[in-house]
Amino acid sequence: MAALSLQPGLGPGLPHIPRGLWALMLLLSVAIYGSHAPLLTLCKVDGAIPFSSTSVVVLVELTKLALSLLFLLAGAREPLGAALSWRHAAPFALSALLYAANNNLVVHMQLFMDPSTFQVLSNLKIVSTALLYSLLLRRRLGRRRWLALLLLLAAGVAYSCGGLRGPGDPGGMRLHVTPVGLLLLSVYCLISGLSAVYTEAILKSQALPLSLQNIFLYFFGVLLNLMGSVWSGTEGGFLEGFSPWVLLVVLSQALNGLIMSVVMKHSSNITRLFVISCSILVNALLSVALFNLQLTLLFFVAVVCIGLAVHLYYGVT
């Protein structure tokens, strides 16, 4: 992961972030991404999620908004009011709308495919993000880097197809998806890549403090998700089913969201894709340690693909 912090040319650089802090943030993000699924498993009661996912999303957005406000107040050196206008905040409304739409789309997609199929096919968002990054931001990646990104895709598919196996589980898996599911998956991958690339473009185009930009983004995020929560009519209380594990999920996801905003502001969405892919290692280790799952050959295939991808993208000159 240290190589990710040394690669020039992925953005405006990291002039205000010490190299050690940058590496620490990337490693922390890898750990948070990798621990998310195991944490959700620990949250289950009698095999079911006891809380409203909508409530968790709202709380994550509120936490990110509150932390961004604290960071802005702590780092403010001069008043910004005279230089600000609604034109600075308005573009983030579309970002928040795209993120909210994708979060809701994930839920509806489960009606047209099983979770294992979604886990495998959702890796295609690596390709969609890279394509939109190259086209919309006009960043030429080159054949070697495209090969690296395809290796990331192969790693995700290999791990999702059976990188872990429970005692007594069959070795293979069958994919089940309807034509409507494939259509929704295509829309999901498109919106996932578009939301990430569009947000990166806005963050880099404005000469504003990142904390202030985050306030704009998360304000709209809270607003839209609260509207969605009211519209869907959450059963029970807003905090029903919450436990210390759920609170840890909220805090970790909020922290990871802030880290990813730093990555998109000062590096790129490509770095974000590598962080997500490297989190496979953390996910596998936690799953083995906590749930007695077993590593399979496909896990090691995924590790090799990720190592080759990092080398091709960042290590070869």
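- Going from atom CD1 of I32 over to atom CG of L28 covers 4.0 Å, rounded to the nearest 0.5 Å.
- Among all heavy-atom pairs drawn from N225 and T54, the shortest one is O-CG2, 4.3 Å.
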Steps toward side-chain contact (heavy atoms from CB on, under 4.5 Å) verdict (L203, F92): CA-CA 9 Å; L203 291 174; F92 291 97; 3.9 Å; yes
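- With sequence neighbours excluded, the residues that form a side-chain contact (heavy atoms from CB on, under 4.5 Å) with L164 are Y159, N283, A284, S287, V288, L293, L295.
- The shortest heavy-atom contact between N269 and T129 is CB-CG2, 4.2 Å.
- Distance check, rounded to the nearest 0.5 Å: OG of S205 to CD of E200 gives 10.5 Å.
- To the nearest 0.5 angstrom, L185 atom CG is 10.0 Å from T117 atom OG1.
- The side chain to side chain donor-acceptor pair (under 3.5 Å) check on N123 picks up S160, with sequence neighbours excluded.
- Scanning all heavy atoms of the two residues, the minimum distance from P50 to V45 falls at CG-CG2, 3.8 Å.
- For residues 48-72, the set of pairs meeting the salt bridge (charged side-chain N to carboxylate O under 4.0 Å, His left out) definition, not counting sequence neighbours, comprises E61-K64.
- Taking all atoms of both residues into account, the shortest heavy-atom contact from V282 to V30 is CG2-CG1, 3.8 Å.
- Counting only residues at least two apart or on different chains, no salt bridge (charged side-chain N to carboxylate O under 4.0 Å, His left out) pair has a member in residues 94-107.
- Taking SG of C43 as the start and CG of L247 as the end, the distance is 9.0 Å to the nearest 0.5 Å.
- Counted by atom type alone, T199 and S95 present one or more donor-acceptor pairs between their side chains at under 3.5 Å.
- Under the 4.5 Å side-chain heavy-atom criterion for ILVMFWY residues, a single connected hydrophobic cluster contains both W245 and F238.
- L62 is listed as a side-chain neighbour of V58, based on a closest heavy-atom distance under 4.5 Å.
- Counting only residues at least two apart or in different chains, side chain to side chain donor-acceptor pair (under 3.5 Å) contacts with residues 30-47 comprise H36-Q253.
- Counted by atom type alone, S261 and N214 present one or more donor-acceptor pairs between their side chains at under 3.5 Å.
- Pairs engaging residues 188-214 under the ring pair (Phe, Tyr, Trp, His ring centres under 6.0 Å) rule: F118-Y188 [sequence neighbours left out].
- When each of K265, R87, Q213 is tested with Q206 by the rule side chain to side chain donor-acceptor pair (under 3.5 Å), just one qualifies, namely Q213.
- Of all non-hydrogen atoms in A130 and L141, the two that sit nearest each other are O-CD1, 4.2 Å.
- Closest of all the heavy-atom pairs between S29 and V275 is OG-CG1, 3.4 Å.
- For the atom pair CD1 of I306 and CG of L281, the computed distance is 5.0 Å after rounding to the nearest 0.5 Å.
- Between the CG atom in L151 and the NE2 atom in H311 there is a gap of 11.5 Å [rounded to 0.5 Å].
- Relative ring orientation between F274 and Y314 is described as perpendicular, the plane-to-plane angle rising above 60° on a 0-90° scale split at 30° and 60°.
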